[in-house]
Engineer: 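One structure coming up, written as structure tokens, with questions to follow.
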Amino acid sequence: AQVVQNVSEGRPISKTDRKLLRELEAEFADELSQIGTQVAQPPRWHVYPVRSRTSNGVYAWRADDNYLVVDPIAKLGLRYKTAGVGSAAGRILTTVGGIMLRGSLRGSLGFYLNTRDTQHRGNKPFSSPTDLSGKHAPPIMHWESQNSVSYDQTDAYLTLSCRWFQLEFGKQFHDWGPGYWGNLTLSNYAPSFEALKIKARYGHWKFVWLTGALRTDLPEYSYNAPYSNTPRKVRKQKYIAAHRLEFAPHPRIAVGINEAIIYGERGIEPGYLIPTMFFWSEQHYIYGDDNATIGADIAAYPLKGLKLYS
């Protein structure tokens, strides 16, 4: 909804994208009304036509300030894998099934759920999990054989929002920056993770802060469970804290600055829970040697259909 609002406020787009924008405005009419952009409201009961590349259609219900969107997920695909190091060329059949739910209660409490199960079958042994998982980092996979693997993924979160402030808690992908993919600080190439997030917007300013837990496969120690003697591993604890400030002095220019820090092998640091804290300085106060980064970016839209960013 935020992307649709930004484009509607004057960012130059093509005629084809303008048509797609109108379709998205109808689909996200309720969310757009919550952030101050008014569009024509669809009927109380309605079904969107099948035109998505990732789903079978969208079924929606709305009443006053409440709405629910149900989007079944079903995909069947066949692709050919080229030969690589230690692997032969072959066919991969992919099936995906699941459901996406999103909605809002009283215009302030929002919810989202996206759960899906994926299975890959090939006529040749698979060489690497990254060949199967697309652009995102591979999830935990269940190998049924050398040429058959399955995995499930679920993202879900709750939001509590008013006109200029939003609080989020849940598991989702995070992507910060002007790039379409591969942003440096937070990118959707990485797996989704659980986080508490604050968003604030006032005039030409936007601020985002989050803190979350990261998945790691590094074991801290191992032991055998009592009675069953089953091997168990306790994973190391890893956390992230980050914040970002954006300023758009003109509809065609946006400037952003962000800071992030990753730490672990201890409990959550209270100082990193302060949204306005300078993390680089805070790690010196706690005698930490954490992984801190600071970055800045700028995006410009000099011509219609042209975006420059660095």
Engineer: Mind checking whether Asp290 and Glu282 have side chains closer than 4.5 Å, heavy atoms only?
Structural biologist: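 With C-beta onward as the side chain, the pair stays apart.
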
Engineer: Run Leu186 and Ile240 through side-chain contact (heavy atoms from CB on, under 4.5 Å) and show every step you take.
Structural biologist: CA-CA 11 Å; Leu186 287 176; Ile240 182 173; 3.9 Å; yes

Engineer: Between Glu194 and Gln172, is any pair of side-chain heavy atoms under 4.5 Å apart?
Structural biologist: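 In short, these two side chains do not touch, never coming nearer than 4.5 Å.
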
Engineer: Are Val149 and Ile92 grouped together when hydrophobic residues (ILVMFWY) are joined by side-chain heavy atoms under 4.5 angstrom apart?
Structural biologist: yes

Engineer: Report yes or no: does Asn66 contribute a side-chain atom to a donor-acceptor pair with the main-chain N or O of Arg106 at less than 3.5 Å?
Structural biologist: yes

Engineer: With a 4.5 Å cut-off on side-chain heavy atoms, are Pro249 and His204 touching?
Structural biologist: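 They are not in contact (no side-chain heavy atoms under 4.5 Å apart), so the answer is no.
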
Engineer: Please report the C-alpha distance between Thr154 and Lys171 in whole Å, then the side-chain angles of each, then the deciding distance to 0.1 Å, and finally whether the side-chain contact (heavy atoms from CB on, under 4.5 Å) criterion is met.
Structural biologist: CA-CA 8 Å; Thr154 298; Lys171 180 174 180 283; 5.6 Å; no

Engineer: Atom CD1 in Ile99, atom CD1 in Ile73: separation rounded to 0.5 Å?
Structural biologist: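 So the gap between those two atoms works out to 8.0 Å.
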
Engineer: Distance check, rounded to the nearest 0.5 Å: Lys75 atom NZ versus Thr95 atom OG1?
Structural biologist: 11.0 Å

Engineer: In terms of hydrophobic clustering (I, L, V, M, F, W, Y; side-chain heavy atoms under 4.5 Å; direct or indirect links), are Leu273 and Leu167 co-clustered?
Structural biologist: yes

Engineer: Mind checking the NE2-NZ spacing from His174 to Lys197? Nearest 0.5 Å is all I need.
Structural biologist: 5.0 Å

Engineer: Quick one: do Ile198 and Ile274 end up in the same hydrophobic cluster if we chain Ile, Leu, Val, Met, Phe, Trp and Tyr together by side-chain heavy atoms under 4.5 Å apart?
Structural biologist: yes

Engineer: State plainly whether one hydrophobic cluster holds both Tyr285 and Tyr239, where clusters connect Ile, Leu, Val, Met, Phe, Trp and Tyr through side-chain heavy atoms under 4.5 angstrom apart.
Structural biologist: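 Tyr285 clusters together with Tyr239.
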
Engineer: If you compare all heavy atoms of Ser187 against all heavy atoms of Asp175, which two are closest, and at what distance to 0.1 Å?
Structural biologist: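 The answer is CA-OD1, 3.6 Å.
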
Engineer: Test of understanding: clusters of I, L, V, M, F, W, Y form through side-chain heavy atoms closer than 4.5 Å, transitively. Do Trp280 and Tyr272 belong to the same one?
Structural biologist: no

Engineer: Testing the basics here: between Arg244 and Gly177, what is the closest heavy-atom pair and its distance to 0.1 Å?
Structural biologist: NH2-CA, 3.9 Å

Engineer: Supply the atom-to-atom distance Lys238 NZ to Thr216 OG1, rounded to the nearest 0.5 angstrom.
Structural biologist: 6.5 Å

Engineer: Kindly write out the residues that satisfy ring pair (Phe, Tyr, Trp, His ring centres under 6.0 Å) with Trp205, not counting sequence neighbours, or none if the list is empty.
Structural biologist: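 Applying ring pair (Phe, Tyr, Trp, His ring centres under 6.0 Å) to Trp205 gives Phe247.
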
Engineer: Other residues, nucleotides and ligands only: do more than 12 of their heavy atoms fall within 6.0 Å of CZ on Arg266?
Structural biologist: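 More than 12 heavy atoms, drawn from other residues, nucleotides or ligands, come within 6.0 Å of this atom.
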
Engineer: Measure the spacing between CD1 of Ile294 and CD1 of Ile261 and express it to the nearest 0.5 Å.
Structural biologist: 9.5 Å

Engineer: Look at atom CZ of Phe169 and say whether more than 12 heavy atoms of other residues, nucleotides or ligands are closer to it than 6.0 Å.
Structural biologist: no

Engineer: Answer whether the closest heavy-atom distance between the side chains of Asp152 and Thr115 falls below 4.5 Å.
Structural biologist: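 Sidechains of Thr115 and Asp152: no contact.
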
Engineer: Test your reading of the model: is there a side-chain donor-acceptor pair from Arg201 to the backbone of Lys206, 3.5 Å cut-off?
Structural biologist: no

Engineer: Hey, does the side chain of Asp155 reach the backbone of Asn114 with a donor-acceptor pair shorter than 3.5 angstrom?
Structural biologist: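 It does not hold such a pair.
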
Engineer: Is Phe207 close to His243 at the side-chain level, that is, under 4.5 Å between some pair of heavy atoms?
Structural biologist: yes

Engineer: What heavy-atom pair brings Glu269 and Ile286 nearest, and what distance separates the two atoms?
Structural biologist: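 So the two residues come closest at CD-CD1, 3.6 Å.
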
Engineer: Once ring pair (Phe, Tyr, Trp, His ring centres under 6.0 Å) is applied, what residue pairs with a partner in residues 97-118 remain, sequence neighbours excluded?
Structural biologist: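 Matches after skipping sequence neighbours: Tyr112-Tyr157.
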
Engineer: Check the pair Asn258 / Asp297 against side-chain contact (heavy atoms from CB on, under 4.5 Å), numbers first and verdict last.
Structural biologist: CA-CA 9 Å; Asn258 49 251; Asp297 53 74; 3.8 Å; yes

Engineer: Do Asn147 side-chain atoms and Gly122 backbone N/O form a donor-acceptor pair below 3.5 Å?
Structural biologist: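 Yes; judged by distance alone, with no hydrogens or angles, the pair exists.
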
Engineer: Report yes if some heavy atom in the side chain of Asn183 is under 4.5 Å from a heavy atom in the side chain of Trp176; otherwise report no.
Structural biologist: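 When only atoms from C-beta onward are counted, Trp176 and Asn183 do not touch, as no gap falls below 4.5 Å.
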
Engineer: Could you check if a side-chain atom of Leu196 sits within less than 4.5 angstrom of a side-chain atom of Trp209, using non-hydrogen atoms only?
Structural biologist: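 The answer is yes, as the side chains (C-beta and beyond) meet within the 4.5 Å cut-off.
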
Engineer: For the residue pair Thr94 and Val96, establish whether any side-chain heavy-atom pair is separated by less than 4.5 Å.
Structural biologist: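 A side-chain contact under 4.5 Å exists here.
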
Engineer: Does any N or O in the side chain of Lys307 come within less than 3.5 Å of the main-chain N or O of Pro178, such that one atom is a donor and the other an acceptor?
Structural biologist: yes

Engineer: Checking side-chain contact (heavy atoms from CB on, under 4.5 Å) between Thr159 and each of Lys199, Arg102, Gln166, which is the one that passes?
Structural biologist: Gln166

Engineer: Between OG of Ser108 and CZ of Arg163, what distance do you get to the nearest 0.5 Å?
Structural biologist: 14.5 Å

